[in-house]
Amino acid sequence: MPTAIRALFLDVGGVLLTNGWDSRVRRATAERFKLDFNELENRHHLTFDTYEVGKITFDTFLDRIVFYCPRDFTRDEFKQFVYDQAKPLPGMIELFAALKAKHDLKIAVVSNEGRELMCNRVARFKLDSFVDFFIVSSFVHLRKPDTDIYKLALDVAMLEPQQVAYIDDRAMLVEVATTLGIVGIQHVNYDTTARRLAALGLALESSS
């Protein structure tokens with residue numbers, strides 16, 4: 001008989017919400033503020049890892065990629081536009097909140113994200129209303145696919161790997177988690193993820 005799942009580890013961008021600073025958002029930002037997209041991309045790739053692992057602030061990151069020269073818009077205008085790009089993915093927050101309540105699960109976020117972007121998302125979408133703890137790259141100074149970030153989440157949850165299901169939209173990050181014995185689910189859409197969870201005994205409704 002398979003081991004009962006007692007916790008879900010969730011990515012945020014691509015699972016609960018749209019991504020916070022991916023190429024889509026960067027392109028939209030470049031268009032909105034009339035920036036050279038290629039220059040923005042080059043600067044982003046040189047320094048984003050430093051921000052995402054928590055070694056610099058969002059303001060310092062923006063100094064390096066945008067405000068290294070005078071602009072005809074303010075820093076606050078730019079940041080607000082970026083924050084506003086995050087949208088909830090249909091039904092996903094509700095799914096995990098309901099599963100937590102029905103099955104008495106621990107819920108953790110295990111995510112690569114800058115501090116300010118994550119804090120804004122937690123507050124706006126009330127993620128802390130159902131997430132028990134946050135293992136975020138900028139908080140713990142580790143980034144997926146470093147296996148240490150998954151091990152840290154397991155330690156905080158105080159569970160064995162086989163008692164945890166990890167859900168991420170990126171195949172490689174799921175694969176890395178499974179090397180530790182964690183049950184991996186690559187998120188594609190609500191229906192496929194709900195079915196995979198139901199197959200693990202985590203259905204919202206009892207089968208008749």
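Since the model is a prediction, treat every value here as computed from it, not as a measurement.
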Participant: Assess whether a salt bridge exists between Glu31 and Arg27, defined as any Lys/Arg side-chain N lying under 4.0 Å from an Asp/Glu carboxylate O.
Facilitator: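 Salt bridge: no.
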Participant: Could you measure the distance from the CG atom of Leu173 to the CG atom of Asp168? Nearest 0.5 Å is fine.
Facilitator: 4.5 Å
Participant: Look at the side-chain heavy atoms of Ile, Leu, Val, Met, Phe, Trp and Tyr, link any pair under 4.5 Å apart, and say whether Val140 and Leu127 land in one connected group.
Facilitator: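 Both belong to a single hydrophobic cluster.
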Participant: Do Asp63 and Tyr68 make a side-chain contact, defined as non-hydrogen atoms from C-beta onward lying under 4.5 Å apart?
Facilitator: no
Participant: So that I can tick it off, tell me whether Asp59 and Lys79 are bridged by a salt bridge, with the cut-off set at under 4.0 angstrom between side-chain N and carboxylate O.
Facilitator: yes
Participant: For Phe9, run the side-chain contact (heavy atoms from CB on, under 4.5 Å) check against Leu159, Ile149, Leu154, Ile135 and tell me which one passes.
Facilitator: Leu154
Participant: Is any side-chain N of the basic residue among Lys55 and Asp49 closer than 4.0 Å to the acidic one's carboxylate O?
Facilitator: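 A salt bridge is absent here (no side-chain N lies under 4.0 Å from a carboxylate O).
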Participant: Consider only side-chain heavy atoms of I, L, V, M, F, W and Y, link residues closer than 4.5 Å, and tell whether Phe139 and Leu117 are in one cluster.
Facilitator: no
Participant: If I take atom CD1 from residue Ile65 and atom CZ from residue Arg26, how far apart are they, to the nearest 0.5 angstrom?
Facilitator: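 With rounding to 0.5 Å, CD1 (Ile65) is 8.5 Å from CZ (Arg26).
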Participant: So which atom in His103 and which in Gly201 form the shortest heavy-atom distance, rounded to 0.1 Å?
Facilitator: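 That closest heavy-atom pairing would be CE1-O, 3.4 Å.
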Participant: Which heavy atom of Gly114 sits nearest a heavy atom of Ser138, and at what distance?
Facilitator: C-OG, 3.3 Å
Participant: Between Arg43 (side chain only) and Arg64 (backbone N and O only), is there a donor and an acceptor less than 3.5 Å apart?
Facilitator: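 Yes: the side chain of Arg43 pairs with the backbone of Arg64.
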Participant: Give, for atom CG of Leu17 and atom CD of Glu113, the distance between the pair rounded to the nearest 0.5 Å.
Facilitator: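 Leu17 CG to Glu113 CD: 9.5 Å, rounded to 0.5 Å.
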Participant: So do the side chains of Ser137 and Lys144 get within less than 4.5 Å of each other, counting heavy atoms only?
Facilitator: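 A side-chain contact under 4.5 Å is absent here.
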Participant: Other residues, nucleotides and ligands only: do more than 12 of their heavy atoms fall within 6.0 Å of CZ on Arg115?
Facilitator: yes
Participant: To the nearest 0.5 Å, what is the distance between CG on Leu105 and CD1 on Ile5?
Facilitator: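 Atom-to-atom, Leu105:CG and Ile5:CD1 are 9.0 Å apart.
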Participant: Between CG of Leu95 and CG of Leu197, what distance do you get to the nearest 0.5 Å?
Facilitator: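 Nearest 0.5 Å value for the CG-CG distance: 6.5 Å.
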Participant: Strictly distance-based, threshold 3.5 Å: is any side-chain N or O of Glu77 a donor or acceptor partner for the main-chain N or O of Thr74?
Facilitator: yes
Participant: Compare all side-chain heavy atoms of Glu160 with those of Gln162 and state whether any distance is below 4.5 angstrom.
Facilitator: yes
Participant: Is it the case that the side chains of Glu116 and Tyr51 hold a donor-acceptor pair, with the cut-off being a distance below 3.5 Å and no angle test?
Facilitator: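 Tyr51 vs Glu116: donor-acceptor pair found between side chains.
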Participant: What closest approach, in Å, do Ala153 and Phe133 show between heavy atoms, and which atom pair accounts for it?
Facilitator: O-CZ, 3.8 Å
Participant: Taking all non-hydrogen atoms of both residues, which atom of His44 and which atom of Trp21 are closest, and how far apart?
Facilitator: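 Nearest pair, atom of His44 first, then Trp21: ND1-NE1, 3.1 Å.
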Participant: Within the structure provided, determine whether Leu10 and Leu16 are in side-chain contact (heavy-atom separation under 4.5 Å).
Facilitator: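 Counting from C-beta outward, Leu10 and Leu16 do come under 4.5 Å.
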Participant: Mind listing the closest non-hydrogen atom pair of Ser23 and Phe37 along with its distance?
Facilitator: O-CE1, 4.3 Å
Participant: Between Phe134 and Val110, is any pair of side-chain heavy atoms under 4.5 Å apart?
Facilitator: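 A side-chain contact under 4.5 Å is absent here.
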Participant: So which heavy atom on Phe67 is nearest to which on Arg75, and how close?
Facilitator: CZ-CA, 3.5 Å
Participant: What class does the angle between the rings of Phe58 and Phe61 fall in, given that below 30° is parallel, 30 to 60° is tilted and above 60° is perpendicular?
Facilitator: parallel
Participant: Heavy atoms, side chains only, cut-off 4.5 Å: are Arg121 and Cys119 in contact?
Facilitator: no
Participant: Under 3.5 Å, sequence neighbours excluded: what are the donor-acceptor pairs made by side chains of residues 176-191?
Facilitator:
| unit_1 | atom_1 | unit_2 | atom_2 | d |
| --- | --- | --- | --- | --- |
| Thr178 | OG1 | Glu175 | O | 2.6 |
| Thr179 | OG1 | Val176 | O | 2.5 |
| Gln186 | NE2 | Asp169 | O | 3.2 |
| His187 | ND1 | Thr193 | OG1 | 2.6 |
| Asn189 | OD1 | Asp191 | N | 3.2 |
| Asn189 | OD1 | Thr192 | N | 2.9 |
| Asn189 | OD1 | Thr192 | OG1 | 3.1 |

Participant: Please check if atom CZ in Arg6 has more than 12 non-hydrogen atoms from other residues, nucleotides or ligands closer than 6.0 Å.
Facilitator: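 No, the 6.0 Å shell around CZ holds no more than 12 heavy atoms from other groups.
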Participant: Any side-chain heavy-atom pair from Asp132 and Lys100 closer than 4.5 angstrom?
Facilitator: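 Contact flag for Asp132/Lys100 side chains = yes.
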Participant: In terms of hydrophobic clustering (I, L, V, M, F, W, Y; side-chain heavy atoms under 4.5 Å; direct or indirect links), are Val12 and Tyr83 co-clustered?
Facilitator: no
Participant: Would you confirm whether Thr60, through its side chain, and Ile56, through its main-chain N or O, come within 3.5 Å as a donor-acceptor pair?
Facilitator: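 No, Thr60 side chain to Ile56 backbone: no donor-acceptor pair under 3.5 Å.
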Participant: Answer yes or no: is there a donor N or O on one side and an acceptor on the other, between the side chain of Gln85 and the main chain of Phe81, under 3.5 Å?
Facilitator: yes
Participant: Are there more than 12 heavy atoms of other residues, nucleotides or ligands under 6.0 Å from atom CG of Asp36?
Facilitator: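 Enclosed: over 12 neighbouring heavy atoms sit under 6.0 Å from CG of Asp36.
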Participant: Answer yes if the side chains of Gln80 and Asp76 hold a donor-acceptor pair under 3.5 Å, and no otherwise.
Facilitator: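 No pair is found: no donor N or O on one side chain lies under 3.5 Å from an acceptor on the other.
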Participant: Where does the angle between the aromatic ring planes of Phe33 and Phe73 fall among parallel (under 30°), tilted (30 to 60°) and perpendicular (over 60°)?
Facilitator: tilted
Participant: Just verifying a value: how many Å separate Arg24 CZ and Thr18 OG1, rounded to the nearest 0.5 Å?
Facilitator: 5.0 Å
Participant: Contact between Leu89 and Val15 at the side-chain level, heavy atoms closer than 4.5 Å - yes or no?
Facilitator: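 No, their side chains stay 4.5 Å or more apart.
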Participant: With clusters defined by side-chain heavy atoms of hydrophobic residues (ILVMFWY) lying less than 4.5 Å apart, directly or transitively, does Val136 cluster with Val122?
Facilitator: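 Per the 4.5 Å side-chain linkage, Val122 and Val136 are co-clustered.
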Participant: Is it possible for you to say whether Leu152 and Met118 belong to one hydrophobic cluster, with membership spreading through side-chain heavy-atom contacts below 4.5 Å?
Facilitator: yes
Participant: Please confirm whether the backbone N or O of Lys126 pairs with a side-chain atom of Ser129, one donor and one acceptor, at under 3.5 Å?
Facilitator: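 Yes: the side chain of Ser129 pairs with the backbone of Lys126.
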